[in-house]
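Take a look at the structure set out below.
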There are 2 protein chains.
Amino acid sequence: MIEAEAAILFGALANADRLKVIRTLVEAGPDGMNAGEIAQRIGASPSRASFHLAALAEAKLVIKERRSRSLIYRVNFPRVGGLVSFLLEDCCNGSPSLKKCCNL
Amino acid sequence: MIEAEAAILFGALANADRLKVIRTLVEAGPDGMNAGEIAQRIGASPSRASFHLAALAEAKLVIKERRSRSLIYRVNFPRVGGLVSFLLEDCCNGSPSLKKCCNL
DNA sequence: ATAATATTTCAAGAATCGTTGAAATGAAAG
DNA sequence: CTTTCATTTCAACGATTCTTGAAATATTAT
């Protein structure tokens with residue numbers, strides 16, 4: 001991943017509501033969760049949740065799929081993992097000092 | 001680390017120039033590098049580099065110290081590591097799926 | 001076709017961020 | 001104490017992001 005792309009992904013994570021969405025979707029597991037329930041869980045209005053979900057989907061950090069009337073969202077683990085790898089390996093050169101700091 | 005703080009740190013990384021700074025400082029190692037040389041390495045004007053360095057220092061992702069006329073900067077590995085841990089453990093619940101995606 | 005449900009889109013305004021070049025600050029040398 | 005060097009600060013502007021509530025869209029059921 002190149003810096004410009006990583007910067008966009010970090011920007012997508014630079015919001016507490018969106019981090020709550022990620023956490024909520026990780027807990028929801030592979031079945032995902034629909035937009036309305038996500039909004040309730042993170043304590044946001046439908047339109048605010050939709051705005052944040054769109055930002056995460058645009059960054060491909062979550063995947064969106066329609067199931068009947070609902071739109072369900074799931075975490076895109078390879079994408080999140082790619083960002084972690086960028087930070088650890090590309091940006092920080094695989095630094096052992098850094099890895100020790102996150103117990104890796 | 002709480003979500004609000006992590007969001008601020010992700011925001012500090014949400015810029016290609018600032019990611020270049022981090023990479024440059026990791027390569028520079030424990031001795032750090034002064035502001036002028038950082039500016040040259042990342043191809044930014046002194047004032048732009050100063051702006052980005054201030055953002056990183058404000059987030060405590062880098063540490064600033066005066067050495068004679070120069071201000072030298074170093075990466076704050078525990079802080080960067082804390083953010084990686086937040087993402088892997090707190091936000092993503094230590095998900096094994098995610099860890100596989102970044103070869104951990 | 002009409003109604004009900006789930007979600008997104010839109011407009012408007014506030015807030016924050018990024019860039020530029022000029023001026024100001026801090027530290028050291030002559 | 002004046003000059004020089006290194007860096008930051010500032011003002012101004014444009015660009016982007018966030019929030020709110022109302023309106024629009026898509027899907028399903030009657």
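Per chain, numbering begins at 1; letters A, B, ... match sequence-line order.
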Round to the nearest Å and state the distance from [X] atom [atom1] to [N] atom [atom2].
{"X": "B:Leu71", "N": "D:dT7", "atom1": "CG", "atom2": "P", "answer": "6 Å"}
{"X": "A:Leu56", "N": "D:dC18", "atom1": "CG", "atom2": "C1'", "answer": "14 Å"}
{"X": "A:Glu58", "N": "D:dT16", "atom1": "CD", "atom2": "C1'", "answer": "14 Å"}
{"X": "A:Ile8", "N": "C:dC17", "atom1": "CD1", "atom2": "C1'", "answer": "15 Å"}
{"X": "A:Lys64", "N": "C:dT8", "atom1": "NZ", "atom2": "C1'", "answer": "8 Å"}

Q) With a 4.0 Å cut-off, would you call A:Glu5 and A:Arg79 a salt bridge? A)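 Looking at A:Arg79 together with A:Glu5, the answer is yes, because their closest N to O distance falls below 4.0 Å.
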Q: Report, as yes or no, whether the 6.0 Å neighbourhood of atom CD on A:Glu89 holds more than 12 heavy atoms from other residues, nucleotides or ligands.
A: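 Yes, the 6.0 Å shell around CD holds more than 12 heavy atoms from other groups.
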At under 4.0 Å, does any side-chain N or O of [X] touch on OP1 or OP2 of [N]?
{"X": "B:Tyr73", "N": "D:dA6", "answer": "no"}
{"X": "B:Asn34", "N": "D:dT7", "answer": "yes"}
{"X": "B:His52", "N": "C:dC17", "answer": "no"}

Q | Verify same cluster id: A:Met33, A:Leu71 (apolar side-chain graph, 4.5 Å) | A |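 Linked, A:Met33 and A:Leu71 end up in one cluster.
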Q: Kindly work out whether a path of hydrophobic side-chain contacts (I/L/V/M/F/W/Y, heavy atoms less than 4.5 Å apart) joins A:Leu19 to A:Ile63.
A: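 No, A:Leu19 does not connect to A:Ile63 through the hydrophobic network.
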Q) Which residue pairs satisfy the side chain to side chain donor-acceptor pair (under 3.5 Å) criterion with at least one member in residues 17-40 of chain B, sequence neighbours excluded? A)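 As it turns out, the side chain to side chain donor-acceptor pair (under 3.5 Å) pairs with a partner in residues 17-40 of chain B, which skip direct neighbours, are A:Glu3-B:Arg23, B:Asp17-B:Arg48, B:Arg18-B:His52, B:Glu37-B:Arg41.
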Q: Look at the side chain of A:Ser68 and the backbone N and O of A:Ser70, then say whether any donor-acceptor pair between them is shorter than 3.5 Å.
A: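 No; judged by distance alone, with no hydrogens or angles, the pair does not exist.
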**Q.** Heavy-atom donor-acceptor pair, B:Ser85 side chain to B:Gly81 backbone, under 3.5 Å
**A.**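 Indeed, once roles are kept as given, a pair shorter than 3.5 Å links the two residues.
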Q: Quick one, give me the B/S/- string for nucleotides 22-30 of chain C, reading 5' to 3', where B means a protein heavy atom under 4.0 Å from the base and S means that only happens at the primed atoms, P, OP1 or OP2.
A: B----SSS-
(Q) I want to verify a distance call: between D:dC18, C:dT19, D:dT7, whose nearest atom is closest to the B:Arg48 side chain? (A)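 The nucleotide sitting nearest to the side chain is C:dT19.
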Q. Is there a side-chain contact between B:Phe10 and B:Leu87 (heavy atoms, below 4.5 Å)?
A.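 When only atoms from C-beta onward are counted, B:Leu87 and B:Phe10 do touch, with a gap below 4.5 Å.
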Q: Tell me what B:Ser70 touches on the nucleic acid: a base, only sugar-phosphate, or nothing, going by heavy atoms under 4.0 Å.
A: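 Sugar-phosphate contact only - B:Ser70 comes under 4.0 Å of backbone atoms but never of a base.
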Q.
Just to be sure I understand the geometry, which residues of residues 11-33 of chain A put a non-hydrogen atom under 4.0 Å away from DNA chain C?
A.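 Contacting residues: none.
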Q.
Assuming nearest nucleotide by heavy-atom distance, tell me which of B:Ile72 and A:Ser45 is located more 5' along DNA chain D.
A.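 It is B:Ile72 whose nearest nucleotide is closer to the 5' end.
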Q. Would A:Cys91 and B:Leu13 count as a side-chain contact (heavy atoms from CB on, under 4.5 Å) if you check the C-alpha gap in whole Å, the side-chain angles of each, and the deciding distance to 0.1 Å?
A. CA-CA 11 Å; A:Cys91 186; B:Leu13 294 179; over 6 Å; no
